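Here is the structure we will look at, set down as structure tokens.
Numbers here are sequence positions counted from 1. Since the structure is predicted, the reported quantities are computational estimates derived from the model, not experimental observations.
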Amino acid sequence: MSGEGIIGLWTTASLPQTSSLLEEPKNLKAKSSTGPWVQVSRLGMPLVNEVVIGLPDKNRFNASQPKDDAQFIDYVTKPTLPVLLNALFGVQAPTVTGRPDLVAAFLTGLKGVNANGSVGEMVRLNMNIQPTAQAAQKNLGVAAGDAAGFPNGRRPGDDVVDAELRVAMGLLCHLGLNLCTPEQAVSGQLPYTDGVLQTAEPFKASFPYLNTPLAGSPN
């Protein structure tokens, strides 16, 4: 069966439709909420709402579900981030029409890695791919040849900001995935970075992965 063993996940947050501040707060309660719950936020793939979705549709995206993502397709096939990077740094934006590389990364999953036949923005994980040992993990995940990493799921040590910058500029065109050609992304292999290094080294090797926070100063 196509997509067997591949799951897709996303989360939402909702608030009561109506909230009002109490004139006389009691027992730490400062407001009154009524009405049905309304979805106000959605989170799946990192930075999609922040970087991919345009300002006019950010609230609409937050109120939507992956099954309705066709309404946002232009933001994926005609992304603004490469244009912005071109204006700032003079790098050349990918020329591939329709950006099939970004459609795969954000909406369908990568064929042979985490595509499961569905279409919509979510975190997809192929549970048939064995995890990479912590010491051998590559922080750019699939883009660096580590099929157990982002965007095949998301590990604590995956540098998703650097990975998405490079994918937006066409890195997948250089990986032989038959999505586009290197000639269509001549600036796709440049080491775009936000300057904040993220690796697996600071994290634990087993659940819950996150380290115990440092204790605060005593009073």
Side-chain angles (χ1 to χ4, degrees), residues 1-15 37-81 98-132 137-144 146-172 175 177-180 198 207-210:
M1 180 173 98
S2 177
E4 186 173 358
I6 299 175
I7 59 174
L9 305 170
W10 74 96
T11 62
T12 63
S14 298
L15 291 172
W37 290 83
V38 178
Q39 181 179 317
V40 296
S41 180
R42 166 183 161 188
L43 181 62
M45 288 283 286
L47 301 177
V48 169
N49 195 26
E50 294 83 354
V51 175
V52 178
I53 303 298
L55 187 62
D57 286 315
K58 290 186 183 296
N59 287 334
R60 182 187 297 272
F61 178 82
N62 271 327
S64 68
Q65 296 185 18
K67 66 181 180 65
D68 299 318
D69 279 349
Q71 63 185 312
F72 306 115
I73 188 65
D74 283 351
Y75 290 119
V76 179
T77 60
K78 301 173 183 177
T80 57
L81 181 58
R99 295 305 302 268
D101 52 330
L102 296 189
V103 170
F106 290 113
L107 298 178
T108 66
L110 299 172
K111 187 177 180 180
V113 179
N114 63 344
N116 62 353
S118 66
V119 179
E121 180 275 323
M122 62 185 81
V123 176
R124 290 176 171 82
L125 175 65
N126 188 338
M127 296 186 293
N128 296 314
I129 295 178
Q130 293 297 311
T132 301
Q137 290 180 14
K138 297 180 179 179
N139 67 339
L140 294 180
V142 174
D146 184 357
F150 181 78
N152 183 28
R154 179 186 181 179
R155 304 169 301 197
D158 287 335
D159 196 335
V160 298
V161 176
D162 284 10
E164 289 197 358
L165 282 171
R166 299 179 194 200
V167 168
M169 289 303 295
L171 180 59
L172 297 184
L175 300 185
L177 300 175
N178 297 320
L179 296 168
C180 42
Q198 179 83 334
F207 186 82
Y209 305 109
L210 302 181

Check whether more than 12 heavy atoms from other residues, nucleotides or ligands sit under 6.0 Å from atom [atom1] of [X], and answer yes or no.
| X | atom1 | result |
| --- | --- | --- |
| Asn128 | CG | yes |
| Asp68 | CG | yes |
| Lys78 | NZ | no |

Quiz item: Can you tell me if Asn114 uses its side chain to pair, donor with acceptor, with the backbone of Asn126 under 3.5 Å?
Solution: no
Quiz item: Counting distance only, does the side-chain N/O of Gln39 pair as donor-acceptor with the main-chain N or O of Thr12 below 3.5 Å?
Solution: no
Provide the closest heavy-atom pair for [X] versus [Y] in the form atom of the first, atom of the second, distance.
| X | Y | result |
| --- | --- | --- |
| Tyr75 | Val52 | CB-O, 3.4 Å |
| Val103 | Gly98 | CG2-O, 3.9 Å |
| Asn62 | Val40 | CB-O, 3.3 Å |
| Thr132 | Ala148 | OG1-CB, 3.4 Å |
| Asp69 | Ser64 | OD1-OG, 4.3 Å |

Quiz item: Are Thr11 and Arg42 close enough that a side-chain donor and a side-chain acceptor fall under 3.5 Å?
Solution: no
Practice problem: Only counting residues at least two apart or in another chain, list the ones meeting side chain to side chain donor-acceptor pair (under 3.5 Å) with Asp101. | Solution: Arg99
Quiz item: Listed by chain and number, what are the side chain to side chain donor-acceptor pair (under 3.5 Å) partners of Thr108, not counting sequence neighbours?
Solution: none
What's the spacing between [X] [atom1] and [Y] [atom2] if we round to 0.5 Å?
| X | Y | atom1 | atom2 | answer |
| --- | --- | --- | --- | --- |
| Ser118 | Arg124 | OG | CZ | 3.5 Å |
| Phe72 | Ile53 | CZ | CD1 | 6.0 Å |
| Gln65 | Glu121 | CD | CD | 12.0 Å |
| Leu81 | Leu102 | CG | CG | 9.5 Å |
| Ile6 | Asn152 | CD1 | CG | 7.5 Å |
| Asn49 | Asn59 | CG | CG | 8.0 Å |

Mind listing the side-chain donor-acceptor pairs of residues 154-171 below 3.5 Å, one per line with the distance, residues two or more places apart or on another chain?
from	atom 1	to	atom 2	distance (Å)
Arg155	NE	Asp158	OD1	3.1
Arg155	NE	Asp158	OD2	3.4
Arg155	NH1	Asp146	OD2	2.9
Arg155	NH2	Lys138	O	3.1
Arg155	NH2	Asp146	OD2	2.9
Arg155	NH2	Asp158	OD1	2.9
Asp158	OD2	Phe150	N	3.1
Asp158	OD2	Arg155	N	2.9
Asp159	OD1	Asp162	N	3.4
Asp159	OD2	Gln198	N	3.3
Asp162	OD1	Thr193	OG1	3.2
Asp162	OD1	Asp194	N	3.0
Asp162	OD2	Thr193	OG1	2.9
Arg166	NE	Tyr192	O	2.8
Arg166	NH2	Tyr192	O	3.1

[Y] side chain reached by [X] side chain, heavy atoms, under 4.5 Å:
| X | Y | answer |
| --- | --- | --- |
| Leu107 | Val76 | yes |
| Val142 | Pro151 | yes |
| Trp10 | Val123 | no |

Exercise. Apply side-chain contact (heavy atoms from CB on, under 4.5 Å) to the pair Ser14 and Val38, showing each step before the final yes or no.
Key: CA-CA 5 Å; Ser14 298; Val38 178; 5.8 Å; no
